[in-house]
Structures are given as structure tokens and as C-alpha cells.
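For reference, the structure is listed below as C-alpha cells.
What you see is a predicted model; the values in this text were computed from it and never measured.
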Amino acid sequence: MANPRITVYGITNCDSVKKSRAWFAQQGLEHQFHDFKKQGVPASRLPGWMAAIGWEKLLNRQGNTWRKLGPDIQAAIQGEESASALVQEQPSVIKRPVVEWQIGEHTHVCAGFAPDQWRAWIDLASGA
């Protein structure tokens, strides 16, 4: 199996992030963790995330952070540019975790706890 390079982006106290990190550990998969609260949202990664999953899926519109935003701010989020500005200002509005899974020269991205997707990437990395 080709060793994937896995980076989990999120917030340490987020239940979905905790569950995801535990899943990777149970599978014996090493990963790096990038804490949005301590390290910020990597602006250089946002275009790739949005291209892979879409800006709409990157925003967690079910979470408390989104619900606490005023309706005028919510309504102003109309595309990648405004979504990018919001997630950099309010990292907690990002659906977590964002997982980058690099296999060779290809990087796969998903948001949220997605073990079925990760299993498919394990198969891809192993050539199955």
C-alpha cells in the first residue's frame, strides 16, 4: 500500500474531529492535525477544498457559529470569495473535519466524518 499523507483540519474540542482522529488511529493510519484555533485556516488550501467539495459543502450551516451570524451576514455569502473570507474570519463555521488525503501526486478532500470515503481511499492507495 502506498503510504497516504493525511492531514486532518479542525478544532480539538469538536466531536467529529475527535471521532475522526480516533478512527485513523484505529486503522493504524498516521495523520497530521492542523488546529484552526491555534494555526488558523490555511488560505492557500481553501481554493483546493472549494474545488474538490464546493464552498457550499465547506460551510456548516447546521452549526451554532452559522446560526449566531446575523441574517445579513448569512445572506452575503454568495460564492467562493465571500465564503473564503467568512471561514478565515470564523473558522468554526467550517464543516469539520476537513481531511486531505494525498496518495502519490493526487490529493483527495472531504469534509465531515466520512469513514466510508476514507475506506475507499485506503483501497485506492493499496491498489485494490
Taking everything shown except R5 itself, do over 12 heavy atoms lie less than 6.0 Å from its CZ?
no
Indicate, with yes or no, if V8 and I122 share a hydrophobic cluster defined by side-chain heavy-atom contacts under 4.5 Å among Ile, Leu, Val, Met, Phe, Trp and Tyr.
yes
Quick check: closest heavy atoms across W101 and P4, and the distance to 0.1 Å?
NE1-CB, 3.1 Å
For the backbone of E81 and the side chain of S84, can you confirm whether one donor and one acceptor N or O come within less than 3.5 Å of each other?
no
Got a sec: does the CD of E56 have more than 12 other heavy atoms crowding it under 6.0 Å?
yes
CA sep, side-chain torsions, deciding dist, call: T12, K38, side-chain hydrogen bond (donor to acceptor under 3.5 Å, both in side chains):
CA-CA 10 Å; T12 53; K38 293 179 181 174; 5.9 Å; no
We want to know whether S16 and K95 form a side-chain donor-acceptor pair, criterion being a heavy-atom distance below 3.5 angstrom.
no
Interatomic distance, NZ@K37 vs CD@Q39, rounded to 0.5 Å, equals 13.5 Å
Does R96 make a cation-pi contact with Y9, if we ask for NZ or CZ under 6.0 Å from the ring centre and within 45° of the axis?
no
Taking every heavy atom of P97 against every heavy atom of F113, the minimum-distance pair comes out as CD-N, 3.9 Å
Is there side-chain contact between L59 and I94, with at least one heavy-atom pair below 4.5 Å?
no
Taking the side chain as every heavy atom from C-beta outward, state whether L69 and I77 have any atom pair closer than 4.5 Å.
no
Expected output: side-chain Q90 to main-chain L86 donor-acceptor under 3.5 Å
no
Contact summary for C110 and A114, nearest pair of heavy atoms
SG-CB, 4.1 Å
Calculate, to the nearest 0.5 Å, the distance between atoms CZ and CH2 belonging to R119 and W23 respectively.
5.5 Å
Identify whether V41 and V17 are in the same connected component of the hydrophobic contact network (ILVMFWY, side-chain heavy atoms under 4.5 Å).
no
Main-chain N/O of W66 paired with Q74 side-chain donor or acceptor, under 3.5 Å:
yes
Do V99 and I11 sit in the same hydrophobic cluster, where Ile, Leu, Val, Met, Phe, Trp and Tyr count as joined when their side-chain heavy atoms come under 4.5 Å apart?
no
Shared hydrophobic cluster for F36 and F24 (ILVMFWY, side-chain gaps under 4.5 Å)
no
Atom of Q78, atom of A75 and distance for their closest heavy-atom approach
NE2-O, 2.5 Å
Indicate whether any N or O donor in one side chain lies under 3.5 Å from an N or O acceptor in the other, for W49 and E100.
yes
Using a 4.5 Å cut-off on heavy atoms from C-beta on, say whether the side chain of T7 contacts that of Q102.
no
Following the transitive rule for hydrophobic clusters with a side-chain heavy-atom cut-off under 4.5 Å over Ile, Leu, Val, Met, Phe, Trp and Tyr, establish whether V87 and V98 coincide in one cluster.
yes
Is there a side-chain contact between T65 and N60, using heavy atoms and a 4.5 Å cut-off?
no
Separation between NE2 of H34 and CZ of R45, rounded to the nearest 0.5 Å
10.5 Å
W121 vs H108, test: ring pair (Phe, Tyr, Trp, His ring centres under 6.0 Å). Steps then yes/no.
CA-CA 8 Å; W121 292 342; H108 305 276; 5.4 Å; yes
Do W118 and I6 have side chains that get closer than 4.5 Å, going by heavy atoms?
no
With rounding to the nearest 0.5 Å, note down the distance linking CG in L124 to CD in Q117.
9.5 Å
